[in-house]
Amino acid sequence: MKPAPFVYHRPATLEEAFDLLERYGPEGRILAGGQSLLPALNMRLATPAAVIDINRLPGLGAIRLAPEGLVIGALARQDAVERSPVMAQSAPLIAQAMPHVGHLATRTRGTFGGSLAQADPAAELPACVVALQATMRVARRAGTQEIPAAQFFRGIYTTALAPGEILIEVAVPPIAPGWRSVFDELARRHGDYALVGLAAHCRVSDGAVADARLVFTGVGLAPVRASRTEAVVSGRRLDPGVLAEAGRALEGDLDPPADVHASTALRRHLARALLTRVLTRLVGN
Amino acid sequence: MDTSLEISLTVNGVPVRRRVEPRLSLVDFLRYELELTGSHVGCEHGVCGACTVRVDGELVRGCLMLAVQADGCRVETIEGVAGTGEIFDLQQAFAEENALQCGACTPGLLLTAQEILRRNPRVDEAEIRRGLSGNYCRCTGYHAIVQAIRKAGAGRAGGTR
Ligand code: FES
Ligand code: FES
């Protein structure tokens, strides 16, 4: 299908973008990488009066090391993030997740911030920034505001972004000594949204998990932190008994929805299998 | 209300200036305005890869970019890329390995294959398959396509050793 007609604007500054967001209100949609918005326009699931293309706003595509950690500009292309040499060092969780985000020819356009602001419940990057306790920097006319990643994702396609606000960058705190990351997911085909994904960021000491942050994607309306499971594995060596106990705790953490891709029971089963796989890799390497 | 905008860009090295409606996708612009019908349209929502083109040297989905967004850009289609001889070896390998039947997917696959080999001519089979995950072929089957890309890659890696 073809999109319904709309007016196109390409603001050159954030101020202009705020003007346009104010002018159109809910009838204006921000266009970043467009790899989710364009399908929605083409299928007429979205019919905004105006498309506000922020791709040429200056200075929002950089990836840089700052005192507060690794700062990733919202307009950094996913492919640039994937190939950035600092990523493996400063945010290995994101580096591992990146190849799972869409396909080669969507990552060249798709943006890091776009994927977060879109908040697809099965997307990889929201789970990663929650596990890394990243900070989301949001601009509005009155100034910039910082929102912890854990408070940013509110539900399906829903974030803490208020009307008139634009996500401009994400700060990932420095990786403290002893912390390790593993991302993995299970999907029917490579590049599909995950049936279940797990972003694990844990402190490993002496072969045992000392601190655990386990954030699942694809099993709820937003990233789900598996806190009961974290409590079970924390401070323990991962023998088969502990892994089985963790798997049982996970039942209490997750209440996955059923959809055309997988039933609730299948998602639970896959989440358990993925948990074992990820934790084993985490303490093993 | 006339919402159309004037854009100027280069397509396969040729400067182009046109007025377009904002809702026109890049691939429809190429096909209907410029009659470059080598870029195909399958799903129109980013799944099949038939519409793959290059914008400023990057592989993109022509159905997931608006023509107005290509204003000021350098666009290359299969016609241009094949015309320069850049992918001659890949085209030849596709023919030799029977890596196409109806050809609906082929322009997108060739451009994707070229990007995979440009990034790493010594790419292994698993990496080729990951790279092709966003391109559907509904008749040939992927085995012959993967073989053709490996063959072209081996030729390039050998040539630069
Ligand atoms: S037509 Fe663009 S991906 Fe299918
Ligand atoms: S050759 Fe027909 S779809 Fe690939």
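Lettering follows sequence order; numbering is per chain, from 1. Atom set for the values below is all heavy atoms of this structure, side chains included, hydrogens, waters and symmetry mates excluded.
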Do A/P39 and B/L64 touch side chain to side chain, with heavy atoms closer than 4.5 Å?
yes
Atom group of B/Q69 that falls short of 4.5 Å from chain A, counting heavy atoms:
both
Given salt bridge (charged side-chain N to carboxylate O under 4.0 Å, His left out), test A/R56 with B/D71 step by step and report yes or no.
CA-CA 11 Å; A/R56 300 198 192 182; B/D71 185 24; 5.0 Å; no
Bottom line for B/D28: the part with an atom under 4.5 Å from chain A's heavy atoms is side chain
When you measure from the side chain of B/R130 to the backbone N and O of A/H100, does any donor-acceptor pair fall under 3.5 Å?
no
Nearest 0.5 Å, please: how far is CE in A/M1 from SG in B/C43?
14.0 Å
Donor-acceptor pair, side chain of A/N42 and main chain of B/H45, under 3.5 angstrom:
no
Please say whether more than 12 non-hydrogen atoms of neighbouring residues, nucleotides or ligands are located less than 6.0 Å from CD in B/E35.
no
Who wins among A/S36, A/A105, A/G34 for the most heavy-atom pairs under 4.5 Å with chain B?
A/A105
Can any side-chain N or O of B/R23 pair as donor or acceptor with the backbone N or O of A/A4 at less than 3.5 Å?
no
Rounded distance (nearest 0.5 Å) linking atom CG of A/L104 with atom OG1 of B/T112:
6.5 Å
If you count heavy-atom pairs under 4.5 Å with chain B, which of A/R77, A/M43, A/K2, A/R107 comes out on top?
A/K2
Can you confirm whether A/R29 is buried at CZ, in the sense that more than 12 heavy atoms of other residues, nucleotides or ligands lie under 6.0 Å from that atom?
no
How far apart are the C-alpha atoms of B/R61 and A/R109, what are their side-chain angles, what is the distance that settles it, and do they pass the side-chain contact (heavy atoms from CB on, under 4.5 Å) test?
CA-CA 9 Å; B/R61 298 260 198 258; A/R109 290 290 301 165; over 6 Å; no
Top residue by heavy-atom pair count (under 4.5 Å) with chain A, among B/E58, B/R129, B/E44?
B/E44
With rounding to the nearest 0.5 Å, note down the distance linking CG in A/L31 to CG in B/L66.
6.0 Å
Using a cut-off of 6.0 Å, state whether more than 12 heavy atoms not belonging to B/Q92 lie near its atom CD.
yes
Counting neighbours of CZ on B/R17 that are heavy atoms of other residues, nucleotides or ligands and sit closer than 6.0 Å, is the number greater than 12?
no
For the atom pair OH (A/Y8) and OG1 (B/T3), what is the distance rounded to the nearest 0.5 Å?
12.5 Å
Option that, when pairs with chain A are counted at under 4.5 Å, heavy atom only, ranks first among B/S25, B/G46, B/C63:
B/C63
Option from A/H190, A/H103, A/R189 for which side chain to side chain donor-acceptor pair (under 3.5 Å) with B/S133 holds
A/H103
For B/R54, which atoms come within 4.5 Å of any heavy atom of chain A: side chain, backbone, both, or neither?
neither
Strictly distance-based, threshold 3.5 Å: is any side-chain N or O of A/T108 a donor or acceptor partner for the main-chain N or O of B/L59?
yes
